[in-house]
Amino acid sequence: MPLFEVFVRSRRGLDHQHVGSLRADDAEMALLYAREIYTRRREGISIWVVRSADVTASQEEDAPAFFEPAADKPFRDATYYALPKEVKNL
Amino acid sequence: MAPALEEFQARIDREERIEPQDWMPEGYRRTLVRQISQHAHSEVIGMQPEGGWISQAPSLERKVILLAKVQDEGGHGLYLYGAAETLGVSRDEMIDAMHTGKAKYSSIFNYPALTWGDVGAIGWLVDSAAIVNQVPLQRCSYGPYARAMMRICKEESFHQRQGYDIMLALARGSAAQREMAQDALNRWWWPTLMMFGPPDADSIHSSQSFAWKIKRYGNDELRQKFIDQAVPQAEVLGLKIPDDDLQWDAATGHYRIGAIDWDEFQQVVSGNGPCSRQRLAHHRQVQEDGAWVREAVAAHAAKHQAGGDGLKADAHNPASAQEGGADAAV
């Protein structure tokens, strides 16, 4: 039985968020199971199920190459720039 | 009103977001495609005036900052193209509409960035104006657009600050530097005010967009908000806003400005701005020059799919290969 990843949108206007995974024979069944497993307490108003095999994930060992280049660029944050204190609305 | 339309409008009136799978009137979809794609085009075309200054930035620090900023603009374009694509339009169609002049982009990017001062003025004025426009769009009724705007607004404040920081350095510098800052303000002030679009009385797309909560404030109201923020910021810089009629109106608590030259705006919007042809020609050229890359990527993907070179598409993803434990893929 294939594995599915489950994403739930808690309310309109928000992104679907990953909540967990489950096994099911097909996508339709996965959706039914997801409803029973992950949204018994009004956790959401929309569910996506995606076959885990269709998820291409970055690997832990690739993390440095993927994410480290962002570490030494504090100038990408607004707080990097000192403003005279009389300046408003910037 | 048909039941579907009634439900759609009721949802909007309750301040709920419309999501891609929901039924929506064709006009709503069309309006959003037009607005979001033009917004995306503006981000991407907006890379040009500043991009030309990356190799000429006055220090290594200014250079990496500008590089990061221009990179962000490209990223913002991609968030927005992605949001528009949820409405069933393709990237190629959108780009094509821009190249044929059917879709516009912000008039401001048809002005040239002549000096380093312009890079400061663009960040300070143009990005401030963009923020004033974009903040209410975070509550736009269309979910994917609203969420793209949240990401963009979060990043935009760096753009505005780095611009003001450049202006501050020039304003505190030599006489020639102060002159450069003033000259940049002189040239960018009025075109920035035009970014908010024609006066509400002449705006053709407004009333339906208000009912659909795509738009929440009038052009004039947003323009005024920007003016009220920018004038005191210019004072801190010790620079003069190029408007002899500018005055503080204590009764209303707003700055009053002189007349905007709407003929100039019409000229620029209809493709006769100082750099209009150059911007589009450059975009077209880059698109053509990059065709071989897109073809190569497509050929590579096709080859993998066919298993032609013995490589599996998921060779780098053990999770998908073994379909193992509960959270193997994540």
Side-chain angles (χ1 to χ4, degrees), chain A residues 1-24 31 37-38 44-62 65-66 69-90, chain B residues 11 14-19 21-22 61-62 64-65 67-69 71-72 124 128 131-132 139 141-144 146-147 154-166 168 225-226 228-230 232-233 235-237 313-314 316-330:
Chain A
M1 239 194 290
L3 188 67
F4 287 84
E5 299 302 320
V6 182
F7 298 78
V8 172
R9 160 178 281 150
S10 59
R11 62 180 170 82
R12 277 181 175 272
L14 299 183
D15 290 306
H16 284 78
Q17 294 260 346
H18 185 248
V19 293
S21 51
L22 52 80
R23 288 185 183 276
L31 202 52
I37 297 171
Y38 291 106
I45 51 113
S46 165
I47 302 173
W48 286 348
V49 291
V50 180
R51 277 182 72 129
S52 308
D54 289 335
V55 174
T56 304
S58 67
Q59 300 301 306
E60 190 69 31
E61 61 267 29
D62 295 332
F66 262 60
D72 62 348
K73 297 181 178 61
F75 50 80
R76 283 198 165 121
D77 299 315
T79 49
Y80 179 78
Y81 305 88
L83 290 176
K85 59 180 179 314
E86 62 270 33
V87 178
K88 301 281 186 295
N89 297 310
L90 261 185
Chain B
R11 184 160 274 157
R14 288 197 302 270
E15 288 294 332
E16 286 180 8
R17 299 290 169 264
I18 303 299
E19 297 294 347
Q21 300 92 333
D22 295 336
E61 190 192 29
R62 294 289 186 198
V64 292
I65 291 170
L67 193 58
K69 196 225 171 202
Q71 187 187 18
D72 272 357
W124 168 38
S128 289
I131 290 173
V132 169
R139 294 187 296 127
S141 62
Y142 189 57
R147 292 190 288 273
K154 218 186 299 175
E155 298 179 356
E156 203 82 61
S157 103
F158 140 52
H159 298 180
Q160 179 190 38
R161 290 249 190 141
Q162 65 84 35
Y164 197 78
D165 196 63
I166 291 172
L168 210 49
K225 192 175 163 65
F226 166 78
D228 291 341
Q229 290 180 1
Q233 291 166 358
E235 278 165 15
V236 175
L237 293 170
D314 54 10
H316 298 292
N317 185 7
S320 65
Q322 68 194 23
E323 236 180 45
D327 53 3
V330 288

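For chain A, the nearby part of Ser128(B) is the side chain; its heavy atoms alone come within less than 4.5 Å. In this structure, no portion of Glu156(B) lies under 4.5 Å from any heavy atom of chain A. Of the atoms belonging to Glu15(B), not a single heavy atom falls under 4.5 Å from chain A. For chain A, no part of Ala146(B) is nearby; none of its heavy atoms comes within less than 4.5 Å. Interface residue Gln71(B): only side-chain heavy atoms are found under 4.5 Å from chain A. For Arg11(B), the part lying near chain A is the side chain, with the backbone staying farther off; criterion is any non-hydrogen pair under 4.5 Å.
Across Pro84(A) and Leu168(B), no two heavy atoms sit closer than the pair CD-CD2, 3.5 Å. Closest approach of Phe158(B) to Asp77(A), counting heavy atoms only: CB-C, 4.1 Å.
For the options Gln21(B), Glu61(B), His159(B), heavy-atom pairs under 4.5 Å to chain A are most numerous at Glu61(B). When the candidates Glu86(A), Lys73(A), Arg76(A), Arg11(A) are compared by the number of heavy-atom contacts under 4.5 Å with chain B, Arg76(A) comes out ahead.
Checking side-chain atoms of Gln233(B) against main-chain N and O of Lys88(A) turns up a donor-acceptor pair under 3.5 Å. Not a single donor-acceptor pair under 3.5 Å links the side chain of Arg17(B) to the backbone N or O of Arg12(A).
Atom OH of Tyr80(A) is separated from atom CD1 of Ile65(B) by 5.0 Å, given to the nearest 0.5 angstrom. To the nearest 0.5 Å, the span separating CG on Asn89(A) from NZ on Lys225(B) amounts to 7.0 Å. Summarising the geometry, atom CD belonging to Glu19(B) is positioned 8.5 Å from atom CG belonging to Leu14(A); distances are rounded to the nearest 0.5 Å.
Side-chain contact between Phe75(A) and Asp165(B): absent, with no pair of heavy atoms (C-beta onward) separated by less than 4.5 Å. Looking at heavy atoms from C-beta onward, Glu16(B) lies out of side-chain contact with Ile45(A) at the 4.5 angstrom threshold.
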